[in-house]
Amino acid sequence: MARVIIVEDEPLVGTVLERMMNKCGHKVFAACGGLDALRILKKQPADLIITDIVMPYMTGIKLIDGVRDLYPKIKILAVSGGGP
């Protein structure tokens with residue numbers, strides 16, 4: 001079982017990803033954006049981050065850069081449904 005943080009600003013997409021990961025037996029933490037994900041990481045270690053790329057306030061790319069600096073061993077999967 002992996003500890004997974006799902007970072008998604010679209011609630012429906014986040015819910016679908018969360019349900020899929022839960023069905024596979026993983027422990028899932030939901031974050032509504034990059035800043036929220038970093039707050040979760042400070043309290044809860046993770047094995048994998050699944051992050052959207054296009055998000056307000058902090059893009060997925062900025063989140064990835066921050067995570068790589070602070071937690072270089074965490075695996076990251078970036079996804080995007082498109083742009084504005």
Side-chain angles (χ1 to χ4, degrees):
M1 172 175 74
R3 294 175 311 265
V4 181
I5 297 176
I6 296 175
V7 189
E8 176 60 60
D9 63 323
E10 292 292 331
L12 181 58
V13 175
T15 299
V16 169
L17 289 171
E18 188 174 350
R19 286 182 182 168
M20 288 172 40
M21 296 305 288
N22 277 326
K23 279 187 178 183
C24 292
H26 301 294
K27 177 75 172 159
V28 179
F29 302 90
C32 59
L35 296 173
D36 192 29
L38 291 174
R39 279 191 286 269
I40 291 170
L41 268 175
K42 286 182 182 177
K43 296 178 184 175
Q44 177 64 48
D47 302 302
L48 172 68
I49 295 174
I50 301 174
T51 183
D52 189 6
I53 295 294
V54 180
M55 298 182 290
Y57 310 112
M58 176 185 275
T59 67
I61 299 299
K62 292 222 182 250
L63 172 62
I64 291 167
D65 288 342
V67 170
R68 285 282 166 246
D69 288 343
L70 298 170
Y71 311 96
K73 294 187 180 204
I74 295 176
K75 305 290 186 220
I76 299 172
L77 175 65
V79 296
S80 184

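Here, residue 1 is the first one in the sequence, and each next residue gets the next number.
E8 contributes a side-chain N or O that, together with a main-chain N or O of E10, makes up a donor-acceptor pair within less than 3.5 Å. Put simply, the side chain of R68 never gets that close to the backbone of L63: no donor and acceptor are under 3.5 Å apart.
Between T51 and G60, the closest heavy-atom pair is OG1-CA, 4.0 Å. A30 approaches D36 most closely through the heavy-atom pair O-OD2, 4.0 Å. Summarising the geometry of A78 relative to I53, their closest heavy-atom pair is CB-CD1, 3.5 Å, with the distance given to 0.1 Å.
Residues L77 and V13 fall within the same hydrophobic cluster, defined by Ile, Leu, Val, Met, Phe, Trp and Tyr side chains chained together at heavy-atom separations under 4.5 Å. V54 and I61 fall within the same hydrophobic cluster, where Ile, Leu, Val, Met, Phe, Trp and Tyr residues are linked whenever their side-chain heavy atoms come under 4.5 Å apart, directly or through other members. Residues L35 and I64 are members of one and the same hydrophobic cluster, defined by side-chain heavy-atom contacts under 4.5 angstrom among Ile, Leu, Val, Met, Phe, Trp and Tyr. Clustering ILVMFWY residues whenever any of their side-chain heavy atoms sit less than 4.5 angstrom apart, transitively, puts V67 in a cluster other than the one holding L48. Hydrophobic clustering keeps I40 apart from M21 (ILVMFWY residues linked when any side-chain heavy atoms are closer than 4.5 Å, directly or through intermediates).
The shortest side-chain heavy-atom distance between V7 and D52 does not fall under the 4.5 Å cut-off. For the pair M58 and L38, the minimum side-chain heavy-atom distance is below 4.5 Å. Residues I74 and L41 meet the side-chain proximity criterion, which asks for heavy atoms closer than 4.5 Å. In this structure, Y71 and K42 have side chains that are in contact, with non-hydrogen atoms separated by less than 4.5 Å.
With R19 as the fixed residue, the side-chain contact (heavy atoms from CB on, under 4.5 Å) test singles out one of N22, L17, T15, V16: T15.
Interatomic distance, CG of D65 versus CG of L70, reported as 11.0 Å (0.5 Å rounding). With rounding to the nearest 0.5 Å, the separation of CD1 in I49 from CD1 in I5 is 5.0 Å.
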Stepwise side chain to side chain contact (heavy atoms under 4.5 Å, CB included) check, H26 with D47: CA-CA 10 Å; H26 301 294; D47 302 302; over 6 Å; no

